[in-house]
Amino acid sequence: MVDESKVVLLGSGFSMFGMRAKIALEEKGIKYEYIEQDLTNKSLLLLEMNPIHQKIPVLIHNERPICESLIIVEYIDMVWNNNPLFLLSDPYQRSQARFWANFVDQEVYHVSRRVWTSKGNEQEMAKKNFIESLKQIEEELGDKAYFGGNTFGFVDIALIPFYCWFYTYETFGNFQVEKECPKIITWAKRCMQRESVSKTLADGKEVYESVLDYKKLFLD
């Protein structure tokens, strides 16, 4: 069992979900211990802290686990409720932020994964769906600096870790996100100016190399 005085984050490699939790902790200035997890040989701590899904990320606070990345980000925002706040106080704005963060998980993530795990017609359809999902969320962004307006917040944290995966999607799918969704790239570069993001996001080419290794082991 970890020391209850510590904030501990269990994460793994290039997981965009783990990156969300890191960004949220960094934005709040919270000191924490990061423990890398090997998901092919799961630690006893991970199995104890997340016995249901046995997945990362897991935030451990006061010896209690919080699982699922969006829940972790919201938990961090509620417990350390100093600025910056990730979710605005207005109930409608909070509901919309939760909707679009969920859209990232339910639409963007699932179709983006199929871009590099599939081939042929299935891959072409995945690419088409991925671009469509990005265009939908780009429309929500509009001309705002961030999804919440002038403040970096919940939806930004949900989506920005995918940016370091764009090189992988583009290489496997033979397309350019910037050509299809230029406002998303402008937004992503703005987010990268934040230390919490720049120090957290992985190098895109390193992500690609790890995906190649994964495919050789599990998909090819």
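No side-chain donor-acceptor contact under 3.5 Å links Asn62 to the backbone of Arg64.
A salt bridge is absent between Lys135 and Glu132: the closest approach of a Lys/Arg side-chain nitrogen to an acidic carboxylate oxygen does not fall below 4.0 angstrom. Ion pairing of Glu139 with Lys183 is absent here, as no side-chain N (NZ or NE/NH1/NH2) approaches a carboxylate O to less than 4.0 Å.
Between the side chains of Ser43 and Gln37, at least one donor N or O sits under 3.5 Å from an acceptor N or O.
Listed by chain and residue number, Tyr163 satisfy the ring-ring contact (aromatic ring centres under 6.0 Å, His included) test with Phe166 (two or more places apart in sequence, or in another chain).
Counting only heavy atoms from C-beta outward, the side chains of Arg113 and Thr117 approach each other to under 4.5 Å. Looking at heavy atoms from C-beta onward, Arg190 lies in side-chain contact with Thr186 at the 4.5 angstrom threshold. In this structure, Arg194 and Glu26 have side chains that are not in contact, with every pair of non-hydrogen atoms separated by 4.5 Å or more. By the 4.5 Å heavy-atom criterion applied to side chains, Asn50 and Pro65 are not counted as neighbours. Two residues are said to be in side-chain contact when any heavy atoms from C-beta on lie closer than 4.5 Å; Met192 and Leu201 meet this criterion. Side-chain contact check for Val7 versus Ile60: every heavy-atom pair is 4.5 Å or farther apart. Looking at heavy atoms from C-beta onward, Ile157 lies in side-chain contact with Phe86 at the 4.5 angstrom threshold. Two residues are said to be in side-chain contact when any heavy atoms from C-beta on lie closer than 4.5 Å; Cys164 and Met19 meet this criterion.
Residues Leu70 and Asn102 approach most closely at CD1-N, 4.2 Å, considering heavy atoms. Nearest heavy atoms, Glu180 versus Glu138: O-OE1, 4.3 Å.
Hydrophobic cluster membership differs between Val73 and Leu85, with clusters built from Ile, Leu, Val, Met, Phe, Trp and Tyr side chains linked at under 4.5 angstrom. Put simply, Tyr146 and Val197 are part of the same group of oily side chains (I, L, V, M, F, W, Y) that touch within less than 4.5 Å, one to the next. Cluster annotation: Met49 and Leu44 are assigned to distinct hydrophobic clusters (Ile/Leu/Val/Met/Phe/Trp/Tyr, side-chain heavy-atom contacts under 4.5 Å, transitive). Cluster membership check: Tyr109 shares its hydrophobic cluster with Ile71, using side-chain heavy-atom separations under 4.5 Å among Ile, Leu, Val, Met, Phe, Trp and Tyr.
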Inset, instruction - Would you check, one step at a time, whether the test ring pair (Phe, Tyr, Trp, His ring centres under 6.0 Å) holds for Tyr169 with Phe162? - result: CA-CA 10 Å; Tyr169 307 147; Phe162 286 80; 7.2 Å; no
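In this structure, Asn174 places its CG atom where only 12 or fewer heavy-atom neighbours from other residues, nucleotides or ligands lie under 6.0 Å away. Around the CD atom of Gln176, the shell of radius 6.0 Å holds no more than 12 heavy atoms that belong to other residues, nucleotides or ligands. Counting heavy atoms of neighbouring residues, nucleotides and ligands inside a 6.0 Å radius, atom CG of Leu47 exceeds 12 of them.
A cation-pi contact, defined as under 6.0 Å to the ring centre and within 45° of the axis, links Lys22 to Tyr34.
Screening residues 73-93 for side-chain hydrogen bond (donor to acceptor under 3.5 Å, both in side chains) gives Lys28-Asp77, His61-Tyr75, Glu74-Arg98 as the qualifying pairs, with residues at least two apart or on separate chains. Residue pairs that meet the side-chain hydrogen bond (donor to acceptor under 3.5 Å, both in side chains) test with at least one member in residues 202-211, sequence neighbours left out, do not exist here.
Residue Arg20 forms a side-chain contact (heavy atoms from CB on, under 4.5 Å) with just one option from Val104, Leu159, Thr200, and that option is Val104.
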